[in-house]
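Because the structure is a prediction, the values reported are computed rather than measured. Atom set for the values below is all heavy atoms of this structure, side chains included, hydrogens, waters and symmetry mates excluded.
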Amino acid sequence: MSGSLLARRAPWLRGNSLLLIVLSSWLASVALLVAQRSPFGDLSGWYSDHLRNSYAVWIFLRRGIEIYALPFGQAALRVPFRHAVPELYSDEYFLYPPGSFLIFLPLSLLGQWLPMTKGTFGLIGIVWIVSLAHAAIYAWWKLFQEARVGAASVLSAFVGLFLLRIAFSGFYDVVWVGAAAMAARASREKRYETAILWCAAAAFVHFRAVVLAPLAVGCLWSLVREAPWAEWRLKKLFLAFLLGLLSLASFVYMTHFRVPPAGALVKLFHNEYGPTLVVVLAAVFATVALRFSGIVSAGTVAIVSAVALVEMPDFRGAWWHGCIAVAPWAAALSSQRSRSFKGVNRFVEANLLFVLCLETLVYRDRHGGALGVGAQFASDYRLDRPHRPDR
């Protein structure tokens with residue numbers, strides 16, 4: 001009886017194997033987070049961005065756009081919050097678009113309305129971000145499966161570990177990275193308005209999603225070429241335009257008060273070989289992208305490299321910023337036309353090397369890239385950090 005039942009369910013299990021793996025990973029991740037001891041709930045016992053972003057929502061609800069005009073410590077004055085952490089970011093500005101408030105709004109309300117310890121609140125925040133990360137992982141795995149990528153298993157493992165590591169540390173970059181995969185999947189199905197909307201949504205939640213601009217422009221060009229005006233889904237395009245405009249407006253308003261040091265990158269070019277190597281790397285991989293995947297992928301490689309160069313003076317050690325290098329995968333897999341199947345596979349495989357090179361040259365990750373989640377699990381971070389009095 002049980003054998004026949006299993007035989008009847010076998011097709012369903014095979015068809016939903018990816019979903020079952022993702023659900024199993026989510027359960028294991030939550031169990032790991034609950035079992036470990038950390039003052040802020042993150043796996044490494046060090047990062048606290050999820051607390052800061054939850055507090056930022058409460059500040060925004062009280063003081064509006066002043067959160068962009070003042071350092072975090074000043075913006076937090078006279079804004080009581082149960083789990084306030086202004087002392088950790090007192091001199092820093094809030095550098096995220098308005099969509100971040102929507103992501104952390106449930107956490108902010110929960111933390112303010114329900115009494116709990118800061119450790120419990122931090123743990124709930126990490127579980128929330130880990131849940132979003134698993135949604136992103138599923139989107140990427142489906143994309144690799146639908147695109148019949150030759151190295152799908154290797155890339156799926158890499159993306160899964162990379163996004164989990166980001167989520168375990170409390171960084172919500174996983175949201176826009178997941179939106180990139182959804183945009184590519186929509187573009188493959190020639191739902192160009194939906195793909196543009198996903199790109200705009202990504203930009204609305206994180207400024208680093210600017211690396212998806214070539215994909216959005218490519219989808220708009222395909223829409224112009226392939227669909228008559230009467231068939232355009234104007235509501236989606238208008239919403240995409242609105243989200244993009246809000247993100248751009250917040251960026252312009254923020255940079256009006258926070259001007260980066262002039263000449264920092266020029267000085268870096270004079271003193272180190274790293275920036276020059278990034279330029280050479282960008283030229284090589286953009287050429288490879290143009291040869292095997294097309295202009296959208298080449299443009300994506302170029303803009304990813306440009307963002308990496310801009311961040312190079314100030315964000316060494318910020319390994320999670322390297323997630324921008326997954327954007328060329330979304331660009332390459334967004335079209336069923338493009339070049340030969342073998343050619344696209346070659347570029348997709350080569351982009352893994354591009355990711356690793358950026359990690360080494362720009363973000364200086366010393367804990368093993370995507371495999372750094374193992375370092376977190378082994379508590380290596382805790383061994384090489386000063387002891388926290390609250391730990």
Side-chain angles (χ1 to χ4, degrees), residues 16-30 32-33 42-43 49-50 53 96-97 99-100 102-104 106-107 125-147 149 152-188 194-195 197-212 215-216 243 300 304 319-334 348 351-352 355 369-370 372-373 376:
N16 294 276
S17 57
L18 285 182
L19 179 60
L20 293 175
I21 294 172
V22 170
L23 288 175
S24 299
S25 174
W26 180 83
L27 290 172
S29 299
V30 172
L32 176 62
L33 289 169
D42 64 303
L43 190 59
D49 276 45
H50 55 299
N53 289 329
Y96 304 95
S100 63
L102 293 180
I103 293 173
F104 287 93
L107 292 177
I126 295 293
V127 170
W128 170 239
I129 298 173
V130 165
S131 301
L132 296 174
H134 279 85
I137 290 169
Y138 180 75
W140 275 99
W141 286 2
K142 286 292 289 183
L143 175 62
F144 291 145
Q145 183 185 64
E146 293 164 357
V149 175
S153 298
V154 174
L155 295 180
S156 295
F158 177 86
V159 169
L161 289 171
F162 192 36
L163 293 182
L164 278 179
R165 185 187 178 196
I166 293 173
F168 280 146
S169 299
F171 303 117
Y172 78 97
D173 300 67
V174 296
V175 177
W176 82 260
V177 173
M182 294 301 295
R185 292 181 62 195
S187 178
R188 286 182 62 83
T194 301
L197 181 56
W198 275 113
C199 291
F204 184 62
V205 300
H206 212 297
F207 290 131
R208 275 194 285 278
V210 68
V211 295
L212 300 179
L215 175 56
L243 293 178
T300 303
V304 166
W319 49 267
W320 59 96
H321 289 211
C323 64
I324 58 176
V326 306
W329 278 325
L333 301 176
S334 64
V348 167
N351 194 68
L352 181 56
V355 175
V373 70
Q376 288 177 297

Tyr172 side chain vs Leu132 backbone, donor-acceptor pair below 3.5 Å: no

Main-chain N/O of Ala202 paired with His206 side-chain donor or acceptor, under 3.5 Å: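 No; judged by distance alone, with no hydrogens or angles, the pair does not exist.
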
Partner residues of Arg185 under the salt bridge (charged side-chain N to carboxylate O under 4.0 Å, His left out) criterion, sequence neighbours left out: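 So Arg185 forms a salt bridge (charged side-chain N to carboxylate O under 4.0 Å, His left out) with Glu146.
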
Looking at every non-hydrogen atom in both residues, tell me the closest pair between [X] and [Y] and how far apart they are.
X      : Y      : result
Trp176 : Ile324 : CH2-CA, 3.9 Å
Gly322 : Phe162 : C-CZ, 4.0 Å
Ala183 : Ala195 : O-CB, 3.3 Å
Ala184 : Leu215 : N-CD2, 4.4 Å
Ile166 : Cys323 : CD1-CB, 4.0 Å
Trp140 : Ala180 : CZ2-CB, 4.3 Å

Is the shortest side-chain heavy-atom distance between [X] and [Y] below 4.5 Å?
X      : Y      : value
Ser156 : Trp141 : yes
Phe168 : Ser29  : yes
Trp320 : Val174 : no
Ile137 : Ser25  : no
Leu243 : Leu197 : yes
Trp319 : Phe171 : yes
Val149 : Trp329 : no
Tyr96  : Ile103 : no

Side chain to side chain contact (heavy atoms under 4.5 Å, CB included) against Ala136, all qualifying residues, sequence neighbours excluded: Leu163

Please round to the nearest 0.5 Å and tell me the distance separating atom [atom1] of [X] and atom [atom2] of [Y].
X      : Y      : atom1 : atom2 : value
Leu333 : Leu143 : CG    : CG    : 5.0 Å
Ser334 : Leu212 : OG    : CG    : 10.5 Å
Cys199 : Met182 : SG    : CE    : 11.5 Å
Asp173 : His321 : CG    : NE2   : 6.5 Å
Leu32  : Ile126 : CG    : CD1   : 11.5 Å
Leu155 : Asn351 : CG    : CG    : 8.5 Å

Partners meeting side-chain hydrogen bond (donor to acceptor under 3.5 Å, both in side chains) with Trp26 (sequence neighbours left out):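 Partners of Trp26 under the side-chain hydrogen bond (donor to acceptor under 3.5 Å, both in side chains) test: Ser131.
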
Neighbour count above 12 (heavy atom, 6.0 Å) for Trp128 CH2: no

